[in-house]
Participant: 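Once you've had a glance at the structure underneath, I'll fire off some questions.
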Amino acid sequence: MLHKTKNPLLVVSILFLFLFSCSSNKQSFTKRDVKKAEKLIGLDFSKRDIDTLYPYLKRNRSGFDSLRKYPLENDVFPAVRFDPVPLGFEMPEQLNGNDWTIPANVEIPERFDDLAFFTIPQLASLIKYKKITSTELTKFFLARLKKYQPTLQCSISITDSLALAQAKRADEEIQNGQYRGILHGIPYGTKDLMAVPGYTTTWGAAPYKDQVIDQTATVIQKLEGAGAVLVAKLVSGALARGDVWFGGKTKNPWDLTQGASGSSAGSGSATAAGLVPFALGTETLGSITSPSTRNGVTGLRPTYGRVSRHGVMSLSWSMDKVGPLARNAEDCAIVLSVIQGKDKNDLTTVDLPFGVNWNKDIKKLKVAYLQKDIEKDTTDSGNNLRNALKVFKEMGVEPIAVEMPKDVPFRGFDIILRAEAGAFFDDLVRSGQVDIMVEQDQRSRANSLRQSRFIPAVEYLQANRQRQVLMQKMQELMKDYDVLISPSFGNDQLLATNLTGHPVIALPTGLDKKNHPTSLTLVGKLYDEASILLLAKAFQDNSSFDELHPPGY
């Protein structure tokens, strides 16, 4: 069973929390404590007001204590569920399915290690036309994982026995003419937030390093159904933050003095180094975009609700998304086509088909770009983005200059994530186990969870009302465009689109002067991954940034 938590509340009033969050659950409090708590929330009640509300606070305290007597499984979502659809939204046309092209003329490379950077269609060709077996390919990637793990620190569990059993089954099925499709026999890795029976699901954090969840995450089930082979559970930064986990710091294969960024650190590092053809990651506030950029791979964050999170650790019920990190946009589309869809175990998922019309003329796409944000970036990343814009224009795309929504309280929105994380990890904080997490500084997840106990319920709800305003403003921005070209970082796009649930894809744009990868981001309309994937593939067909790989691997 999943680890249990005893508090179903998203967040409770700061007055109540201030009074009893610091020590024993039975700690008494006085009216003087209430008066002190006012300073934190910016209120000033009269003595008469405090005399009146004091008995109410004590009754509430009793109510909180009673709630914690009823255990809840971690896969229980709050009854209040986020819906990314704003007023006036019209669902984009959906293509039902893809007939993936598997080339017939792919050969084993002279330098066998070059297989590490083959795309999914290339690997599928070798398997389908029996030039290599899934078992041989699986052993190849397992060996690479073991070889580079001491250097990159990117995997939690290398799943040898499971992988070889799945590969053997794939070979037998293919030999008997039972070909399941383009992912049949293809190895992959998954971020260690996703449950796989028989293996630890550590969430990257010391308190959970021995946790085994007897459940298979829906996305893992879907990939297994497609015949894919799980070779590794890859590092998540501790509780989905950064690239530091209880065993060390995951490295960027382009520069071993640098972390891989996070929190899908292992997925980014392992994919970039050719230890897996693709990997699953999650994003709440940049955890696919950031490691994709740092490690120079292509990362797709689907629309909120496109992909099930059943069996996946929750950080923020209303913001978490699951998506692929891969060689290129086409590989991301292939993986998304398998993992997306309605799941009865995740009520936020949608029942929509998915497909991409690769023959559609990209000149018919309505494309915008954040001109001011792009022009003000004087870094190497900004220069590479401006050069990428030239590629788009050479392709016949003429983007229209637009700006992100104005008058939005972006600094206040992170309380949504922090409050929801505080509820999910309530037991961790109350038990004191949060104290054994590796990082304990001001920016650590441990510190974030502690302070979440001091977020007022009123402010959490006010932030969500402001979120609704942001959703409407993003609707006004995106309703006339299919794709928005943006810097990946340094502006409001990343936070805004994670709050609104819009899909994005991060694409490599080359290297800076230190030979570190850079990227740009394409933003799509809600549920229109097809348009950003179409433009992304066209961009990669007309450039070679996605073919750059870290030296030495």
Side-chain angles (χ1 to χ4, degrees), residues 2 73-86 89-100 180-184 188 190-191 193-197 213 215-228 230 278 280-284 288 299-324 326 331-357 420 424 471 475 497-505 524-533:
L2 286 172
E73 301 296 340
N74 278 345
D75 54 7
V76 177
F77 277 46
V80 179
R81 288 189 290 273
F82 174 67
D83 183 352
V85 175
F89 174 75
E90 294 183 6
M91 183 66 69
E93 182 180 351
Q94 305 289 319
L95 183 66
N96 192 1
N98 278 288
D99 183 16
W100 301 108
R180 300 195 195 188
I182 195 166
L183 286 182
H184 203 174
Y188 75 100
T190 188
K191 185 176 182 178
L193 301 188
M194 301 171 194
V196 177
I213 299 175
Q215 182 184 79
T216 304
T218 295
V219 286
I220 304 298
Q221 290 179 358
K222 290 191 172 190
L223 286 169
E224 184 176 350
L230 179 63
F278 72 90
L280 296 183
T282 66
E283 175 159 322
T284 307
I288 290 175
L300 175 67
R301 186 190 81 213
T303 305
Y304 178 90
R306 261 289 192 187
V307 180
S308 172
R309 294 165 294 162
H310 178 65
V312 183
M313 187 203 89
S314 293
L315 183 63
S316 170
W317 290 287
S318 70
M319 294 175 68
D320 296 339
K321 283 81 63 178
V322 177
D331 283 7
C332 286
I334 291 168
V335 178
L336 179 62
S337 72
V338 171
I339 64 173
Q340 68 91 38
K342 183 70 176 177
D343 178 15
K344 62 182 177 61
N345 293 312
D346 182 348
L347 296 177
T348 67
T349 53
V350 293
D351 186 14
L352 290 174
F354 168 75
V356 184
N357 179 7
E420 294 182 11
F424 188 85
M471 289 163 60
Q475 164 69 3
T497 57
N498 268 294
L499 284 161
T500 59
H502 284 78
V504 305
I505 187 166
K525 291 180 178 178
L526 295 169
Y527 308 109
D528 190 16
E529 291 83 2
S531 290
I532 58 175
L533 286 163

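In this text the structure is predicted, and so the values were computed from the model without any measurement.
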Participant: Determine whether Glu224 and Leu230 make a side-chain contact, defined as any pair of heavy atoms from C-beta on separated by less than 4.5 Å.
Facilitator: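 Glu224 vs Leu230: side chains apart.
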Participant: Between Ile339 and Leu223, is the side-chain contact (heavy atoms from CB on, under 4.5 Å) condition met? List the steps.
Facilitator: CA-CA 7 Å; Ile339 64 173; Leu223 286 169; 3.8 Å; yes
Participant: Parallel, tilted or perpendicular: which fits the ring planes of Trp317 and Phe424, with parallel below 30° and perpendicular above 60°?
Facilitator: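 It falls in the perpendicular class, over 60°.
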Participant: State, to 0.1 Å, how close Asp83 and Met471 come at their nearest heavy-atom pair, and which atoms those are.
Facilitator: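 Of all heavy-atom pairs spanning Asp83 and Met471, the closest is O-CE, 3.3 Å.
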Participant: Hey, could you give me the CD1/CZ distance between Ile532 and Arg301, rounded to the nearest 0.5 Å?
Facilitator: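 Those atoms lie 8.5 Å apart.
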Participant: Is any side-chain heavy atom of Pro324 closer than 4.5 Å to one of Ile334?
Facilitator: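 No, every pair of side-chain atoms sits at 4.5 Å or beyond.
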Participant: Between Ala530 and Gly355, what is the shortest heavy-atom contact and its length?
Facilitator: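 Reported closest heavy-atom pair: CB-O, 3.4 Å.
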Participant: If I take atom CD from residue Gln475 and atom OG1 from residue Thr500, how far apart are they, to the nearest 0.5 angstrom?
Facilitator: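 Those atoms lie 10.5 Å apart.
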Participant: Any side-chain donor paired with an acceptor under 3.5 Å for Ser531 and Asp528?
Facilitator: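 Yes, because at least one side-chain N or O of Ser531 sits under 3.5 Å from a partner of the opposite role on Asp528.
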Participant: Would Val335 and Phe278 count as a side-chain contact (heavy atoms from CB on, under 4.5 Å) here? Give the steps.
Facilitator: CA-CA 9 Å; Val335 178; Phe278 72 90; 3.6 Å; yes
Participant: Quick check against the 3.5 Å criterion: does Lys321 have a side-chain atom that pairs as donor or acceptor with the backbone of Gly501?
Facilitator: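 Here the side-chain-to-backbone pair does not exist.
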Participant: If you take all heavy atoms of Gly323 and Pro302, which pair is closest and at what distance?
Facilitator: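 Answer, listing the atom of Gly323 first, then Pro302: CA-CD, 3.8 Å.
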Participant: Determine whether a donor-acceptor pair (N or O, by modelled atom type, separation under 3.5 Å) exists between the side chain of Glu529 and the backbone of Pro503.
Facilitator: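 Looks like no, no N/O pair under 3.5 Å.
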Participant: Would you call Ser314 and Asn74 a side-chain contact if the rule is heavy atoms closer than 4.5 Å?
Facilitator: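 A side-chain contact is absent here, since even the closest heavy-atom pair is not under 4.5 Å.
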Participant: Give a yes or no on whether the backbone of Thr349 and the side-chain of Lys342 come within a donor-acceptor separation of less than 3.5 Å.
Facilitator: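 Yes, the answer is positive, given that a donor and an acceptor are paired below the 3.5 Å cut-off.
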Participant: Between the side chains of Arg309 and Thr348, does any donor sit under 3.5 Å from an acceptor?
Facilitator: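 Short answer, yes.
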Participant: Lys525: what forms a side chain to side chain donor-acceptor pair (under 3.5 Å) with it, not counting sequence neighbours?
Facilitator: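 Counting only residues at least two positions away or on another chain, Lys525 forms no side chain to side chain donor-acceptor pair (under 3.5 Å).
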Participant: For residues 89-99, pull every pair meeting side chain to side chain donor-acceptor pair (under 3.5 Å), keeping only residues two or more places apart or in separate chains.
Facilitator: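 Side chain to side chain donor-acceptor pair (under 3.5 Å) check on residues 89-99 returns Gln94-Arg306.
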Participant: Hey, what do you get for CD1 (Ile220) to CE (Met194), rounding to the nearest 0.5 Å?
Facilitator: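 Nearest 0.5 Å value for the CD1-CE distance: 6.5 Å.
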Participant: So, taking the atom named OG in Ser337 and the one named CG in Leu95, what distance separates them when rounded to the nearest 0.5 Å?
Facilitator: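 Reported value, rounded in 0.5 Å steps: 11.5 Å.
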Participant: With rounding to the nearest 0.5 angstrom, report the CG to CZ distance, Asp346 to Phe77.
Facilitator: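 These two atoms lie 4.5 Å from each other.
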Participant: Mind listing the closest non-hydrogen atom pair of Leu347 and Lys344 along with its distance?
Facilitator: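 Looking at all heavy atoms of both residues, the shortest contact is CD2-O, 4.2 Å.
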Participant: On a heavy-atom basis, which atom in Tyr527 and which in Thr303 lie closest, and how many Å separate them?
Facilitator: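 Looking at all heavy atoms of both residues, the closest pair is N-OG1, 2.8 Å.
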Participant: Show your reasoning for whether side-chain contact (heavy atoms from CB on, under 4.5 Å) applies to Val219 and Leu280.
Facilitator: CA-CA 9 Å; Val219 286; Leu280 296 183; 3.8 Å; yes
Participant: Which distance, rounded to the nearest 0.5 Å, do you find between the CG of Leu533 and the CG of Asn357?
Facilitator: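 CG of Asn357 is found 12.5 Å from CG of Leu533.
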Participant: Could you check if a side-chain atom of Leu300 sits within less than 4.5 angstrom of a side-chain atom of Leu336, using non-hydrogen atoms only?
Facilitator: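 A side-chain contact under 4.5 Å exists here.
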Participant: Name all residues meeting the salt bridge (Lys or Arg N to Asp or Glu O under 4.0 Å) criterion together with Asp343; count only those two or more places apart in sequence or in a different chain, and write none if there are none.
Facilitator: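 Listed in chain order: nothing, the list is empty.
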Participant: For the residue pair Thr284 and Leu315, what are the closest heavy atoms and their distance?
Facilitator: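 Of all heavy-atom pairs spanning Thr284 and Leu315, the closest is OG1-CD2, 3.9 Å.
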